[in-house]
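All chains are named by letter (A, B, ...) in the order of the sequence lines, taking the proteins before the strands, and each is independently numbered beginning at 1. This one's a predicted model, so the numbers in the text were calculated from it and none came from an experiment.
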Protein chains: 2
Amino acid sequence: MITVELLEKYGVIKKSFDKNDIILEEGNLPSHYYQIISGEVKMSNYNDDGREFIQGIFYNGQSFGEPPLFLNQNYPANAIAVENTEIFILPKENFMKLLEENPKVSIKIIENLAQRLYYKSVMAAEISTHEPEHRVLKLIDHGIAYFNFQKDKNGYLINFTRQQIGDLTGLRVETVIRTIKALEKKGELKIINRKVYR
Amino acid sequence: MITVELLEKYGVIKKSFDKNDIILEEGNLPSHYYQIISGEVKMSNYNDDGREFIQGIFYNGQSFGEPPLFLNQNYPANAIAVENTEIFILPKENFMKLLEENPKVSIKIIENLAQRLYYKSVMAAEISTHEPEHRVLKLIDHGIAYFNFQKDKNGYLINFTRQQIGDLTGLRVETVIRTIKALEKKGELKIINRKVYR
DNA sequence: TCCATTTTATGATTAAAATCATAAAACGAG
DNA sequence: CTCGTTTTATGATTTTAATCATAAAATGGA
């Protein structure tokens, strides 16, 4: 996360997106740095039969889409506003200048990429070698640490739909629903009027 | 990749590992920066029934294990020498000092992490939403660009075993063997005395 | 407040890759 | 050169999650 003052110094602009708006598209060449002011953004892929895989979900203060920007490669996924969202947008040249002139920001970027790489490493191993229950629990436990789940008297509220959990773990909705029920029976989760708590 | 001169200036040491030696272990806290001089290193996880998932394979000049180092988190995977390997090892404090005093190195690190994140994004989507043939082909095509596959008169030699391809794509050996045969029949690959060419 | 859409839910069936079994070929350390 | 290990190979069987079908509950916009 880069401070507002610094971004403004390098000529950032604000842009608003409505719910379900496409912010950037798979296959396009990157040209800007994106940082969320408010709202929620998901990056995801669709395969040939329309099945979705969610790469990540991003909130206030988080940036997204940097890897292809640094590599001059096409975006490997789409970015879509999950709800009405405001975003800071900075042209690549300005962004690179900002980095050069502010070395401490580079360290921040490194830490952010490291965090995302760590998540992907954990989930990649989960998705390819573990059963549904393990996958879902790992995602939830990761989410408690890194997505913005709120704690209340019942525990952490996992504010993902069953479909989203499926799209993040590579499982189908029905499988997620059954898996969550099984996890509840084992006492790993609570389901209180359809909402999942951990 | 950080230059030898710079590493030496900050007190790097060399260390040798024999084939199959464990270089670093899942669950341990990182304390050093690792950069390969010669040889080959794989980072991988094992699930409860001993099934392996290979996170990545690294060669000369490449570094590995930085994300947990930057985050002060436990290694999410093991690093093992695939063959006899020499590695530069630099203590974390020295490495961080090197970064602070050489901002251009940060950009290199960023590009490297971006590259690895890009690979993981592509493979994560493949593994969770595509069929075996698509997964294997994507891995091979990525490998041509980023692993060190050599081109000869038959095309690029994919110097991975069927087992390695399985461990990188989340498929079992038998499935990889049958998939590769199917891809050969479709003309996507060549198999010349058991070796795969693309 | 009403209605269309989304989310959660459950049962039956299917398909696809994993598993199991077995073996030949190739490789590599001594 | 030899022998144990690894890699490639193939067929039969099983398992597990996907798929298909259907519906109730909840949500949200008009």
Side-chain angles (χ1 to χ4, degrees), chain A residues 18-20 40 42 47-54 80 82-84 126-137 139-140 157-185 189-197, chain B residues 18-21 40 42 47-54 80-84 126-137 139-140 157-185 189-197:
Chain A
D18 290 334
K19 184 175 176 175
N20 296 326
E40 186 179 338
K42 75 171 172 189
N47 77 355
D48 302 333
D49 9 286
R51 184 164 175 196
E52 184 176 15
F53 176 73
I54 300 178
I80 293 163
V82 176
E83 47 187 62
N84 293 350
E126 281 297 318
I127 287 173
S128 60
T129 63
H130 289 91
E131 339 71 74
E133 292 188 16
H134 207 280
R135 274 148 90 168
V136 169
L137 264 193
L139 175 77
I140 286 175
L157 168 63
I158 311 308
N159 64 336
F160 281 156
T161 65
R162 314 289 195 265
Q163 182 65 64
Q164 282 179 314
I165 292 175
D167 293 342
L168 283 158
T169 54
L171 298 168
R172 313 254 59 175
V173 221
E174 299 96 321
T175 305
V176 173
I177 289 167
R178 291 179 241 246
T179 299
I180 286 176
K181 296 237 152 147
L183 285 169
E184 189 203 21
K185 200 164 286 176
L189 298 173
K190 271 176 273 184
I191 303 178
I192 297 165
N193 57 35
R194 298 176 159 217
K195 300 207 176 306
V196 179
Y197 291 86
Chain B
D18 290 333
K19 186 176 175 171
N20 297 325
D21 275 359
E40 187 179 338
K42 74 171 172 189
N47 78 354
D48 302 333
D49 5 291
R51 183 165 177 196
E52 185 177 14
F53 175 74
I54 300 178
I80 292 162
V82 176
E83 47 187 62
N84 294 350
E126 282 296 320
I127 287 174
S128 60
T129 63
H130 288 92
E131 340 72 74
E133 291 187 16
H134 207 281
R135 274 147 90 166
V136 169
L137 264 192
L139 175 77
I140 286 174
L157 168 63
I158 311 308
N159 64 336
F160 281 156
T161 63
R162 314 290 196 265
Q163 181 65 62
Q164 283 180 312
I165 293 175
D167 293 342
L168 283 158
T169 54
L171 298 168
R172 313 254 58 175
V173 220
E174 300 95 322
T175 305
V176 173
I177 289 168
R178 292 181 242 248
T179 300
I180 286 176
K181 297 236 153 148
L183 286 169
E184 189 203 20
K185 201 164 285 175
L189 299 173
K190 273 177 273 184
I191 303 178
I192 297 165
N193 57 37
R194 297 175 159 217
K195 300 205 176 307
V196 179
Y197 292 86

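Rounded to a whole Å, the CD atom of Gln164(B) is 12 Å from the C1' atom of dT6(D). Counting to the nearest Å, the C1' atom of dT7(D) and the CD1 atom of Ile158(B) are 17 Å from each other. Straight-line distance from the CG atom of Asn193(A) to the C1' atom of dA24(D): 15 Å, rounded to whole Å. One can place NZ of Lys19(B) at 7 Å from P of dG28(C), the figure rounded to the nearest angstrom. Here dG29(D) presents its P atom at 12 Å from CG of Asp18(A), a figure rounded to the nearest Å. Atom pair Asn20(B):CG and dT6(D):C1' shows a separation of 12 Å (rounding to whole Å applied). Across the protein-nucleic acid pair, Glu131(A) atom CD and dT16(D) atom C1' stand 11 Å apart, rounded to whole Å. Whole-Å rounding puts the Glu83(B) CD to dC27(C) P distance at 16 Å.
Remark: side-chain polar atoms of Arg51(A) are not paired, donor with acceptor, to backbone N or O of Asp167(A) under 3.5 angstrom.
Gly170(A) comes within 4.0 angstrom of sugar-phosphate atoms only, judged by non-hydrogen atoms across all strands, and of no base.
Remark: Glu52(A) engages Lys42(A) in a salt bridge (Lys or Arg N to Asp or Glu O under 4.0 Å) (not counting sequence neighbours). With sequence neighbours left out, Glu133(B) forms a salt bridge (Lys or Arg N to Asp or Glu O under 4.0 Å) with Lys186(B).
Rounded to the nearest 0.5 angstrom, Leu137(A) CG and Thr169(A) OG1 are separated by 11.5 Å.
Closest approach of Val82(A) to Lys19(A), counting heavy atoms only: O-CG, 3.3 Å.
Remark: Thr175(B) is in phosphate contact with dA18(C), judged by side-chain N or O atoms under 4.0 Å from OP1 or OP2.
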(request) Using a 4.0 Å heavy-atom cut-off, write out nucleotides 4-11 of chain C from 5' to 3' as B (base contacted by protein), S (sugar-phosphate only) or - (no contact). (result) ---BSBBB
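Screening Ile177(A), Leu171(A), Val176(A) for a side-chain contact (heavy atoms from CB on, under 4.5 Å) involving Ile165(A) leaves a single residue, Val176(A).
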